[in-house]
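Structure record follows, encoded as structure tokens.
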Amino acid sequence: MRNPRRSYDENGNEIRPMDLASMREHGARSVMAICQRHGCGHESSINVENWPDDMPVPDVGLKLKCSKCGSKDIKTIPDWSDREPLMGLR
Ligand SMILES: [Zn+2]
């Protein structure tokens, strides 16, 4: 049975999700959590600096609960918005 929190290639093999270590390597320190309950869609950025390196980004959602509706169906993606800017204003 397929895990809904994983992606699969055309042969049905699970694609290894990004973990927090590689997300941090790319400069993101937070994940964006999005409530999947229909009609809610509440979003929140979660700081995961102290979470384990080997935790897959999609699994962070397993530990979260929507503070608005109480749903535990939370999707988590890397939050690139808090990334260190690669370039600044002159
Ligand atoms: Zn919600």
Side-chain angles (χ1 to χ4, degrees):
M1 209 175 76
R2 292 190 174 202
N3 181 340
R5 289 181 186 273
R6 294 291 181 273
S7 302
Y8 293 86
D9 66 18
E10 64 273 21
N11 299 315
N13 297 312
E14 188 179 302
I15 297 168
R16 200 180 135 74
M18 179 177 277
D19 61 22
L20 295 183
S22 60
M23 188 185 87
R24 287 193 265 257
E25 264 170 41
H26 289 87
R29 291 181 299 269
S30 305
V31 298
M32 183 59 77
I34 305 138
C35 178
Q36 300 297 288
R37 178 171 282 186
H38 186 72
C40 181
H42 188 54
E43 286 184 10
S44 184
S45 185
I46 312 283
N47 184 297
V48 289
E49 276 179 287
N50 297 319
W51 291 51
D53 276 349
D54 60 354
M55 183 170 229
V57 174
D59 287 0
V60 174
L62 298 171
K63 309 271 186 196
L64 302 176
K65 192 174 89 171
C66 178
S67 54
K68 201 171 163 193
C69 75
S71 168
K72 290 177 184 162
D73 187 7
I74 310 292
K75 180 182 174 181
T76 38
I77 55 170
D79 181 2
W80 302 116
S81 64
D82 72 346
R83 184 156 51 163
E84 293 279 336
L86 297 175
M87 239 180 266
L89 293 170
R90 292 196 191 191

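In listed order, ligands and their atoms are each counted from 1.
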(request) Report yes if some heavy atom in the side chain of Arg37 is under 4.5 Å from a heavy atom in the side chain of Lys68; otherwise report no. (result) no

(request) Show your working on side chain to side chain contact (heavy atoms under 4.5 Å, CB included) between Met32 and Trp80 and close with a plain yes or no. (result) CA-CA 9 Å; Met32 183 59 77; Trp80 302 116; over 6 Å; no

(message) If the condition is salt bridge (Lys or Arg N to Asp or Glu O under 4.0 Å), which residues does Arg2 pass it with, not counting sequence neighbours?
(response) none

(message) Minimum heavy-atom separation for Ile74 and Leu64, please, with both atom names.
(response) CG1-O, 3.8 Å

(request) Report, as a single number, the protein N, O or S atoms less than 2.8 Å from the Zn ion (ligand 1). (result) 4

(request) Report the residues that fulfil salt bridge (Lys or Arg N to Asp or Glu O under 4.0 Å) with Asp59, sequence neighbours left out, ordered by chain and then residue number. (result) Arg6

(request) Could you list the residues that satisfy salt bridge (Lys or Arg N to Asp or Glu O under 4.0 Å) with Asp79, not counting sequence neighbours? (result) none

